[in-house]
Undergrad: 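Structure in structure tokens, see below.
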Amino acid sequence: MATDPVLVVHGGAWAIPDNMTEAHRQGVGNALAAGWRVLEGGGSALDAVEEAVVIMEDDETFDAGRGSFLNREGKVQLDALIMDGATLRAGGVGCVERIANPVRAARKILSESPHVYFVAEGAERFAAEHGIPLCRNEDLVIPREVQRLREYQAQPADAAKSDNDLFAPTISHDTVGAVALDCEGNLAAATSTGGTLAKAPGRLGDSSLIGCGCYADNASAAASTTGWGEPIMKLVLAKWAADRVASGSIPDWIAAEAINYLKDRLNGHGGIILLDTNGRFGIAHNTPRMAWAAKTVKQESAGIEWSR
Ligand code: ASP
């Protein structure tokens with residue numbers, strides 16, 4: 001029996017300022033439309049999350065692809081993961097500097113490699129050998145981010161370097177992600193990020209780590225997270241949430257529980273989207289705002305804040 005498809009996307013959890021809310025709404029809306037086109041045409045959840053994430057990687061509003069935060073040396077370094085809930089196949093890239101759409105490279109790894117993870121130059125070489133064009137790092141850098149890094153680095157050392165300031169919920173966490181259920185009843189998830197502002201070169205966040213920033217298993221749920229990556233990865237938060245859905249809890253409740261756990265256990269902050277094979281989904285964040293959009297055959301909704 002065919003399943004009704006569902007798609008949920010996010011564009012990062014933080015204190016999105018008023019003058020940026022429209023761009024975020026539009027960005028997640030465009031991503032939702034692209035992913036939904038795949039699902040309504042009978043395409044796979046995997047293709048849907050890839051297409052949705054590509055749209056947000058291409059949108060400079062978000063901390064993914066071109067327009068991402070710069071690391072402390074002024075370079076863009078990107079991480080992404082995509083995972084197929086039917087087979088548990090996954091593809092991830094970390095610390096790539098010359099790929100505008102890292103989720104495309106991640107998908108190639110999932111589909112065409114026996115491995116799960118490639119990093120840095122090895123990931124770029126794999127991508128190029130599989131038909132993904134490489135760009136210059138400068139092509140991914142935009143003036144807004146050069147300015148942001150400059151201002152951040154101009155702060156007095158104690159202000160700029162405090163973890164609490166750097167990872168405060170007001171600091172941008174514009175990582176993007178998507179979870180989908182297709183008409184075959186399969187789940188998939190994808191997450192893509194430029195990571196955190198002024199990160200050390202080579203620092204890998206949660207987004208591309210299986211079970212941390214992204215997870216999908218038809219036996220449990222599909223999840224994508226955003227926020228301060230270090231606490232999220234210590235808690236393996238996406239898998240934590242998926243496991244609880246497998247035990248029978250509803251995604252709406254578990255999404256909220258996951259964010260409470262993040263806060264209570266490690267004083268972390270961020271957001272999560274979570275979807276099960278029944279098409280039930282949950283969204284939660286403990287930051288002032290989180291850009292999200294969701295679509296089922298009956299309803300489409302979007303916002304920059306979620307309330308249960
Ligand atoms: N989780 C990402 C990271 O720590 C940042 C984000 O969600 O924006 O790399």
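Start at 1 with the first residue, then count along the sequence. For ligands, and for the atoms within them, numbers begin at 1 and follow the listed sequence. Computed over heavy atoms, backbone and side chain alike; hydrogens, waters and symmetry mates excluded.
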Undergrad: Treating Ser249 as the side-chain partner and Val245 as the backbone partner, does any N or O pair qualify as donor plus acceptor under 3.5 Å?
TA: no
Undergrad: Is the CD atom of Glu112 crowded by more than 12 outside heavy atoms at less than 6.0 Å?
TA: yes
Undergrad: Under 3.5 Å between some N or O of ligand 1 and some N or O of Thr175?
TA: yes
Undergrad: Looking at ligand 1, does any of its N/O atoms fall within less than 3.5 Å of an N/O of Thr226?
TA: yes
Undergrad: Do Gly195 and ligand 1 have an N or O pair less than 3.5 Å apart?
TA: no
Undergrad: Pick whichever of Ser224, Cys212, Gly227 has a heavy atom sitting closest to atom 7 (O) of ligand 1.
TA: Gly227
Undergrad: I'd like to check which ligand 1 atoms, numbered from 1 as shown, lie under 4.0 Å from a non-hydrogen atom of Ser207.
TA: 1 (N), 2 (C)
Undergrad: Using heavy atoms and a threshold below 4.0 Å, how should the contact between Asp174 and ligand 1 be classified: side chain, backbone, both, or neither?
TA: backbone
Undergrad: Strictly below 4.0 Å, N to O, side chains only: are Glu230 and Arg203 in salt-bridge contact?
TA: yes
Undergrad: Which bit of Arg203 is near ligand 1, meaning a heavy atom under 4.0 Å away: side chain, backbone, both or neither?
TA: side chain
Undergrad: Counting each atom of ligand 1 from 1 as listed, which ones have a heavy atom of Thr196 under 4.0 Å away?
TA: 4 (O)
Undergrad: Could you walk me through whether Phe126 and His115 pass ring pair (Phe, Tyr, Trp, His ring centres under 6.0 Å), step by step?
TA: CA-CA 11 Å; Phe126 176 92; His115 307 304; 8.6 Å; no
Undergrad: Between Glu51 and Arg104, does any side-chain N to carboxylate O distance fall below 4.0 Å?
TA: yes
Undergrad: At less than 4.0 angstrom from any non-hydrogen atom of Asp206, what atoms of ligand 1 do you find?
TA: 1 (N), 2 (C), 3 (C), 4 (O), 9 (O)
Undergrad: Over 60° means perpendicular and under 30° means parallel, so tell me whether His24 and Phe62 are parallel, tilted or perpendicular.
TA: perpendicular
Undergrad: List ligand 1 atoms under 4.0 Å from Gly205, heavy atoms only on the residue side.
TA: 9 (O)
Undergrad: Are any of the side-chain nitrogens in Lys298 or Asp4 under 4.0 Å away from the carboxylate oxygens of its partner?
TA: no
Undergrad: Has Gly12 got any heavy atom lying under 4.0 angstrom from an atom of ligand 1?
TA: no
Undergrad: Does ligand 1 have an atom under 4.0 Å from some heavy atom of Lys199?
TA: no
Undergrad: I'd like to know if Arg148 pairs up with Glu145 as an ion pair, taking the criterion as any Lys NZ or Arg NE/NH1/NH2 lying under 4.0 Å from an Asp or Glu carboxylate oxygen.
TA: yes
